[in-house]
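Before any comments, here is the structure.
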Amino acid sequence: MRHLTWSDVTPKPLWLNRRQLMTGAAALAAAPAFADMKAAPSKYSTDATPNTLEEISGYNNFYEFGTGKEDPAAYAGALTVDPWSVVIDGMVDKPGTYDLADLVKDQPLEERIYRFRCVEAWSMVVPWIGFQLSGLLNRVGVQPGAKFVALETLVRPEEMFGQESAFVEWPYREGLRLDEAMHPLTILATGLYGDDLPKQNGAPIRLVVPWKYGFKSIKSIVRISLTDTMPLTTWNMLQPSEYGFYSNVNPLVDHPRWSQASERRIGAGLFDGRQDTLMFNGYEPEVASLYAGMDLAANY
Ligand SMILES: Nc1nc2c(c(=O)[nH]1)N[C@H]1C(S)=C(S)[C@@H](COP(=O)(O)O)O[C@H]1N2
Ligand SMILES: [Mo]
């Protein structure tokens, strides 16, 4: 059987709003093809076996919906993700409020199977659907003095009951250095396993930075700002001694309360799924040069 690529099957802008658009004959025609697309992951993909959809959408961190790992699956259904817009502002040529469909328009969507590791030392392998953050930043035009990208999650306590408690200073926020944001491994994901993102995984659009601990991968993004100063980040605000700005996966730098030398692959049967953690989560060849000359123990 010939391996299909994404572009064989559907025009890219169609992909995002598939749920609304796929009706009747279109749905029937598309169904087998979508299943086949799993066979065509990006060159950036790992060859590790992905976790199941049940694992990926059943064990989550999304504090807007509670702090338990099963809370997001139970409560994220309340979130309205359509319509959705994202404010892009700060040091860009074309600031504005972009409708999600506009934002994704013309960005090459592809499946990328990424290792994903939480700072709590569990990990998964996820077949994301997304596009490079760099594509979007290039489209809006990054101004010369910009050095960082700051991202924020929606604040809507009526739908996100976790936001009724103030233990996090909402919105959840994250940031990257501009060169990290422009790196081809850094994607905005709008789906996984050939479908739209489950809400508990950060629908309708979330960041994925595979060489960093999971908390950098901010969910349900409504704002992207280009700045010349290092942005505040939620986990650093909560506990600066434990969570730095960089948060690169690093087996040699332990979290103050636990080792980061190994991880438990969720769902893996053998040996409890425990395996050695790799430098930069296994993406060392691709990203080590971003940190040349930096002391990674000081810049954790
Ligand atoms: N807005 C928001 N984004 C978030 C979080 C969160 O609580 N709120 N949790 C982070 C953490 S700690 C992890 S490990 C990942 C989990 O992503 P997943 O549930 O898709 O596996 O999301 C990150 N993004
Ligand atoms: Mo995490």
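Side-chain atoms are counted along with the backbone in the values below, which use heavy atoms only and exclude waters and symmetry mates. One-based numbering, in listed order, for ligands and for the atoms of each.
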- R115 side chain to T46 main-chain N or O, any donor-acceptor pair under 3.5 Å? no
- Task: Could you tell me how the ring of Y291 sits relative to the ring of F280: parallel (under 30°), tilted (30 to 60°) or perpendicular (over 60°)?
- Result: parallel
- Taking S123 as the fixed residue, which of R265, R264, R117 is the one that meets the side chain to side chain donor-acceptor pair (under 3.5 Å) rule? R265
- Note on the structure: The answer, listing residues by chain and number that come under 4.0 Å of ligand 1 through any heavy atom, is N60, N61, F62, Y63, E64, F116, C118, T153, Y172, N201, R206, G214, F215, S217, I218, K219
- Message: Enumerate the ring-ring contact (aromatic ring centres under 6.0 Å, His included) contacts for residues 144-167, please, sequence neighbours excluded, ordered by first and then second residue.
- Response: Y63-F167, Y75-F161, F148-F245
- Item | Polar side-chain atom of Q260 near backbone of V119 as donor-acceptor pair, under 3.5 Å | yes
- Message: Taking L290's backbone N and O only, do any of them form a donor-acceptor pair with R177's side chain (distance below 3.5 Å, no angle check)?
- Response: yes
